[in-house]
Asks: 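One structure coming up, written as structure tokens, with questions to follow.
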Amino acid sequence: MLRAPMVSATQQTSRIRQRKARREGTVRKRYERAHGTPKFPVHLPGYDPSAPDAPKTATQSTAAQTDAKK
């Protein structure tokens with residue numbers, strides 16, 4: 001009876017790591033699919049909407065576009 005040749009340690013390790021990566025977080029992912037993701041604040045305390053790096057609102061972006069067209 002012939003035995004199958006052994007695979008290299010690197011090949012075996014990489015397959016094990018791939019299998020573990022696929023399995024990682026399945027319980028958490030299943031829970032979140034069933035119950036939705038947890039609520040979190042959109043703006044943290046101390047958020048300044050007038051800061052230079054603050055994201056533009058819809059009205060600000062349309063106003064900027066109309067100013068650019070003029």
Side-chain angles (χ1 to χ4, degrees):
M1 185 162 140
L2 294 173
R3 294 176 58 175
M6 292 179 56
V7 298
S8 67
T10 304
Q11 193 176 24
Q12 186 173 3
T13 303
S14 62
R15 285 181 180 162
I16 291 171
R17 285 182 179 161
Q18 286 176 345
R19 185 182 68 230
K20 287 184 177 183
R22 276 195 308 267
R23 296 275 309 154
E24 185 64 32
T26 53
V27 173
R28 177 186 53 81
K29 291 173 189 175
R30 186 176 295 129
Y31 178 83
E32 287 181 358
R33 277 196 304 267
H35 299 95
T37 55
K39 299 286 185 235
F40 58 93
V42 175
H43 300 299
L44 300 175
Y47 171 76
D48 184 16
S50 62
D53 62 341
K56 304 267 187 274
T57 61
T59 57
Q60 288 175 337
S61 63
T62 55
Q65 288 174 355
T66 55
D67 289 342
K69 289 180 182 178
K70 290 182 181 180

Asks: Give every residue pair that meets the ring pair (Phe, Tyr, Trp, His ring centres under 6.0 Å) criterion with at least one member in residues 1-24, sequence neighbours excluded.
Replies: none
Asks: At their closest point, which heavy atom of E24 faces which heavy atom of K29, and how far apart are they?
Replies: O-NZ, 3.7 Å
Asks: Could you list the residues that satisfy side-chain contact (heavy atoms from CB on, under 4.5 Å) with R28, not counting sequence neighbours?
Replies: E32
Asks: Return the set of residues passing side-chain contact (heavy atoms from CB on, under 4.5 Å) with R19 (not counting sequence neighbours), or none when no residue passes.
Replies: I16, R22
Asks: Quick one: ring pair (Phe, Tyr, Trp, His ring centres under 6.0 Å) pairs with a partner in residues 10-33, sequence neighbours left out?
Replies: Y31-H35
Asks: Who are the side-chain contact (heavy atoms from CB on, under 4.5 Å) partners of R17, not counting sequence neighbours?
Replies: T13
Asks: Using side-chain hydrogen bond (donor to acceptor under 3.5 Å, both in side chains) as the criterion, list what pairs up with S50, not counting sequence neighbours.
Replies: D48
